[in-house]
Amino acid sequence: MELVPLGPDFGAEVRGVSLVDVAASDGAYESVRAAFDEHSVLLFRDQQISDDVQAAFSRAFGPLERVKIGSEGAGTFYSRLHNTSPDGTLVPETHSQALTARANQLWHTDSSFKKTPALASVLSARVVPQQGGETELTSTRQAWSRLSPSMRSRLRDAVVTHAYAYSRDQIDPDLMTVSERTALPPVRWRITWRNPANGRIALYVASHAYAVDGLSDTEARTLLDTLITDATRPEFVYRHHWRQGDVLMWDNRATMHRGLTWPQDQARSMVRTTISAVEADGLADLRPLEPGARSPPVCR
Ligand code: OGA
Ligand code: MN
């Protein structure tokens with residue numbers, strides 16, 4: 001296995017090991033897992049990708065999430081991000097699939113709003129538009145290291161509330177149905193996630209985050225905006241230009257990402273599998289000591 005650096009001090013392209021190798025052998029998994037814990041983002045190029053290959057690879061890392069209610073692929077392991085309908089025609093820009101793409105353009109980390117957050121996401125490119133549609137990623141481990149020692153000690157145990165409704169309401173208050181809102185109540189996590197494999201700490205913030213214990217809504221918004229703005233400064237961002245057959249995997253504990261737009265008269269089709277975090281991935285450290293979430297403010 002060879003690792004070729006990708007982004008500004010994080011991320012690596014994996015050469016000499018395929019998704020099928022990882023699914024088939026413990027040895028290949030262990031090398032790739034070590035690279036994942038170290039580099040946070042891994043790229044595999046020219047993969048013979050299918051849903052089954054993607055799931056078998058992903059399952060080596062832990063239990064797979066089922067796609068949540070209201071998303072394309074709900075109830076299965078495959079989150080389908082595409083702007084086409086079953087008959088192959090492009091969906092209008094007001095369609096929920098198009099709005100979902102817009103919500104993915106906010107910097108986020110996947111599943112921070114779920115009761116069980118995600119260790120990693122695996123995204124494969126099935127149909128790539130001619131222009132645009134890149135995915136950008138940044139290391140929140142580096143963002144954490146850039147904070148001053150006093151800021152780090154102030155924030156180490158801070159508790160943030162995340163809700164899917166909060167990020168979706170910024171795009172369109174009608175994007176989520178009442179049953180989705182009921183199924184996805186706010187959750188609370190520490191603002192840092194420590195990787196037990198190497199002790200590295202990363203900021204755990206995202207577009208779903210809105211409240212910070214002990215701060216007013218305005219103070220919380222200012223703090224979160226400041227942290228996200230610094231984490232996503234262009235010099236700290238890796239922009240991935242997709243080729244068909246690319247598979248990109250990221251550590252949701254230590255990165256944020258966002259999609260970029262593309263001309264809506266062009267098709268784009270991506271499939272994501274998501275691996276749930278388990279205790280060995282550092283969940284105990286992520287959980288705040290005491291419960292009690294506030295409802296998200298309504299955005300209009
Ligand atoms: C995702 C995501 C962005 C993109 O799959 O989780 O945010 O560029 N994707 O498709
Ligand atoms: Mn995402």
Side-chain angles (χ1 to χ4, degrees), residues 65 67-74 79-81 83 93-118 120-121 123 133 135-138 140 143 158-191 193 202-213 215 217-232 237 250-261 270 272 274 276-277 286 293-300:
E65 262 188 16
V67 177
K68 58 159 204 59
I69 162 178
S71 290
E72 285 280 294
S79 177
R80 302 195 187 275
L81 307 167
N83 60 339
E93 292 192 29
T94 49
H95 192 279
S96 67
Q97 284 169 234
L99 295 175
T100 297
R102 276 183 47 211
N104 275 341
Q105 287 158 21
L106 305 170
W107 282 103
H108 65 282
T109 185
D110 294 327
S111 304
S112 71
F113 56 85
K114 291 194 175 176
K115 279 197 200 86
T116 304
S121 298
L123 187 62
T135 303
E136 290 189 332
L137 300 105
T138 191
T140 57
V159 176
V160 174
T161 306
H162 301 244
Y164 193 64
Y166 181 74
S167 61
R168 267 42 196 173
D169 286 351
Q170 291 172 52
I171 302 299
D172 183 339
D174 296 325
L175 193 52
M176 272 181 91
T177 61
V178 172
S179 54
E180 284 180 77
R181 281 174 206 274
T182 315
L184 297 167
V187 295
R188 291 152 47 77
W189 305 119
R190 238 174 251 225
I191 205 167
W193 195 337
L203 265 178
Y204 195 58
V205 291
S207 60
H208 315 299
Y210 60 93
V212 181
D213 283 18
L215 298 186
D217 288 345
T218 319
E219 288 167 335
R221 197 61 267 155
T222 305
L223 173 66
L224 294 168
D225 287 345
T226 307
L227 295 172
I228 293 174
T229 302
D230 174 75
T232 60
V237 168
W250 57 82
D251 188 338
N252 283 304
R253 301 171 297 180
T255 58
M256 280 193 290
H257 63 277
R258 66 170 178 182
L260 299 182
T261 53
M270 314 289 286
R272 195 183 92 200
T274 314
S276 291
L286 187 65
R294 282 192 284 147
S295 311
V298 178
C299 307
R300 288 276 160 188

Inset, instruction - Determine, step by step, whether Leu123 and Leu81 satisfy the side chain to side chain contact (heavy atoms under 4.5 Å, CB included) criterion, reporting the C-alpha distance in whole Å, the side-chain angles of both residues, the deciding distance to 0.1 Å, and the verdict. - result: CA-CA 10 Å; Leu123 187 62; Leu81 307 167; 3.9 Å; yes

Side-chain heavy-atom pair [X], [Y] within 4.5 angstrom cut-off:
| X | Y | answer |
| --- | --- | --- |
| Leu227 | Ile191 | yes |
| Trp107 | Glu136 | yes |
| Arg168 | His208 | yes |
| Asp213 | Arg188 | yes |
| Trp189 | Val160 | no |
| Asp172 | Arg102 | no |
| Trp193 | Asp251 | no |
| Asp169 | Arg181 | yes |

Legend entry - Worked verdict on Ser111 versus Asn252 for side chain to side chain contact (heavy atoms under 4.5 Å, CB included): CA-CA 8 Å; Ser111 304; Asn252 283 304; over 6 Å; no

[X] versus [Y], closest heavy-atom pair with distance:
| X | Y | value |
| --- | --- | --- |
| Leu106 | Ser207 | CB-CB, 3.7 Å |
| Glu65 | Ala118 | OE2-CB, 3.7 Å |
| Ala211 | Leu224 | N-CD1, 4.3 Å |
| Gly73 | Val67 | O-CB, 3.3 Å |

Inset, instruction - Classify the angle between the aromatic ring planes of Tyr204 and His162 as parallel (below 30°), tilted (30 to 60°) or perpendicular (above 60°). - result: tilted

Inset, instruction - Before giving the answer on side chain to side chain contact (heavy atoms under 4.5 Å, CB included), spell out for Arg258 and Thr232 the whole-Å C-alpha distance, their side-chain angles and the decisive distance to 0.1 Å. - result: CA-CA 10 Å; Arg258 66 170 178 182; Thr232 60; over 6 Å; no

Distance check, rounded to the nearest 0.5 Å: [X] atom [atom1] versus [Y] atom [atom2]?
| X | Y | atom1 | atom2 | value |
| --- | --- | --- | --- | --- |
| Ser71 | Arg80 | OG | CZ | 12.5 Å |
| Leu175 | Ser167 | CG | OG | 8.5 Å |
| Thr109 | Leu203 | OG1 | CG | 11.5 Å |
| Glu93 | Leu99 | CD | CG | 9.5 Å |

Legend entry - Test side chain to side chain donor-acceptor pair (under 3.5 Å) applied to Asp110 - qualifying residues, sequence neighbours left out: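 Expected list: His108, Ser121, Trp250, His257, Arg272.
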
Inset, instruction - Would you please name every residue forming a side chain to side chain donor-acceptor pair (under 3.5 Å) with Arg221, sequence neighbours left out? - result: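 With sequence neighbours excluded, Arg221 shows a side chain to side chain donor-acceptor pair (under 3.5 Å) to Tyr166, Asp225, given in chain and number order.
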
Inset, instruction - Can you sort out the partners of Glu180 under salt bridge (Lys or Arg N to Asp or Glu O under 4.0 Å), two or more places apart, ordered by chain and number? - result: Lys68

Legend entry - Heavy-atom neighbours of Gln105 CD exceed 12 at 6.0 Å: yes

